[in-house]
Amino acid sequence: MIRSVVIGTGSALPARRVSNAELAEQVDTSDEWIVERTGIRFRHIAGEGETTATLAADACRRALAAAGIEAQSIDLIVLATATPDQTFPASATKVQAMLGINDCVAFDVAAVCSGFLYAVQVVDSMIRSGAAKRALVIGAETFSRILDWEDRTTCVLFGDGAGAIVLEAQETADDGGRGILTTKLHADGRHNELLYVDGGVSTTGTVGKLRMKGREVFRHAVTNLASVMTESLAMAGLSSDQVDWVVPHQANARILDATARKLGLAPEKVVVTVDQHANTSAASVPLALDVAVRDGRVRQGQIVVLEAMGGGFTWGAAVIRF
Ligand SMILES: CC(C)(COP(=O)(O)OP(=O)(O)OC[C@H]1O[C@@H](n2cnc3c(N)ncnc32)[C@H](O)[C@@H]1OP(=O)(O)O)[C@@H](O)C(=O)NCCC(=O)NCCS
């Protein structure tokens, strides 16, 4: 059967790395509070000239190099972001131009922190239907530009960055073949007011700032993530003890721990980068995946589960034989 196989990963971070102590000079917070409540120690913040599209293009160049393929062979680019360079056109088309690809399909997907999982399902469906053969799937964000830097309850939690994977259509064995095995997505729009941006093109005509009721988001996150991972593993005919790695959305170390515990997964199987990157929204899963591929943890043939949850609410998971 035709499956979408990951043939390369890449990521990019802004040059400026900001510690909790540095943040504590601007807002009423402390390294101790941030580490204890979230596990976050550092985040990268985009500077002048660094945008969602430039970070995305850098991540793509690294993913293409890892795959050993030319940019021109890409026929689909899907970029998950809530912080595009412009209201339109899609930042995916900017990335396309930066990579020197003259003709391919390119568009953005908006599902906030679950955006990468949404993009993976869209691309996987297009690959399996024959609409695409080789795709770049990207999560890229510059959340620093929609943060209220006077609100200590949110500004300490987020960072900027980008991650990308190259997915290729390959004929693989039904049983035991590599590729994306299952994807499962959800949305429940009743929870808009728990995590949102208080501006928009069609309402205020402004970009707006991020607002969040953190405690309530936390409660929903653990429940939704554990259940969507269980669903996607059941669809793949796998149990949680067959999972080699979970690459979760990096929102909060306590959410990662609580979700792993609920599924009976050993903490050593969970890839954690939230300490170094903070919450980079749609970028967090592909960024963490690239880290774990490059340091040799995630290897070909292993069972890898990706999961994320974000504003909307939206949430989802994907099971991959890597
Ligand atoms: C945001 C989060 C870290 C807050 O942790 P919490 O344990 O729920 O803390 P609370 O919001 O109840 O706040 C506890 C206290 O810390 C204070 N506080 C909040 N932010 C602070 C900060 N940055 N520094 C110091 N104190 C802070 C609060 O004012 C509150 O003080 P009070 O008790 O005097 O009122 C946590 O709720 C969380 O991670 N939620 C999920 C968020 C998330 O993952 N969102 C993205 C999903 S995509």
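For the numbers below, each heavy atom of this structure counts, side chains included, while hydrogens, waters and symmetry mates do not. Indexing begins at 1, ligand by ligand and atom by atom, following the structure's order. Just so you know, residue 1 is the first one in the sequence shown, and it goes up from there.
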| field | H220, M309, R37, R215: member with heavy atom nearest to atom 14 (C) of ligand 1 | value | R37

| query | When you check the gap from the basic side-chain N to the acidic O, do D85 and K94 get nearer than 4.0 Å? | reply | yes

| request: Would you mind checking which non-hydrogen protein atom is closest to atom 44 (O) of ligand 1, with the distance to 0.1 Å? | output: A251 CB, 3.3 Å

| field | Residue pair E70 / Q72, side-chain donor-acceptor N/O under 3.5 Å | value | no

| request: Run the numbers for me: atoms of ligand 1, each under 4.0 Å from some heavy atom of C113, listed by number. | output: 48 (S)

| said: One residue to check: T153. Relative to ligand 1, which of side chain, backbone, both or neither has a non-hydrogen atom less than 4.0 Å away? | reply: both

| request: Out of G311, G214, A282, indicate the one that has the non-hydrogen atom closest to atom 40 (N) of ligand 1. | output: G214

| request: Check R16, R43, R17 against E22 for a salt bridge (Lys or Arg N to Asp or Glu O under 4.0 Å) and give me the one that passes. | output: R16

| Is it true that D124 and R128 have a side-chain N and a carboxylate O under 4.0 angstrom from each other? | yes

| field | Residue N279 vicinity, atoms of ligand 1 by number, heavy atom under 4.0 Å | value | 46 (C), 48 (S)

| query | Any ion pair linking K209 and D198 (charged N to carboxylate O, less than 4.0 Å)? | reply | no

| Less than 4.0 Å between a side-chain N and a carboxylate O, is that true for D257 and R254? | no

| task | Mind checking whether I255 contacts ligand 1 via backbone (N, CA, C, O), side chain (CB onward), both or neither, at a 4.0 Å heavy-atom cut-off? | result | side chain

| In terms of the angle between their ring planes, are H191 and H220 parallel, tilted or perpendicular, with boundaries placed at 30° and 60°? | tilted

| query | What part of T29 sits under 4.0 Å from ligand 1 if we count only heavy atoms: the side chain, the backbone, both or neither? | reply | both

| field | Closest to atom 26 (N) of ligand 1 (judged by heavy-atom distance), picking from W33, F218, F158 | value | W33

| message | Tell me the protein heavy atom at minimum distance from atom 5 (O) of ligand 1, and give that distance in Å. | response | R254 NH1, 4.0 Å

| said: Any protein heavy-atom neighbour for atom 23 (N) of ligand 1 (distance below 4.0 angstrom)? | reply: yes

| query | So, is the end of the R211 side chain (NZ or CZ) under 6.0 Å from the ring centre of Y196 and within 45° of the ring's axis? | reply | no

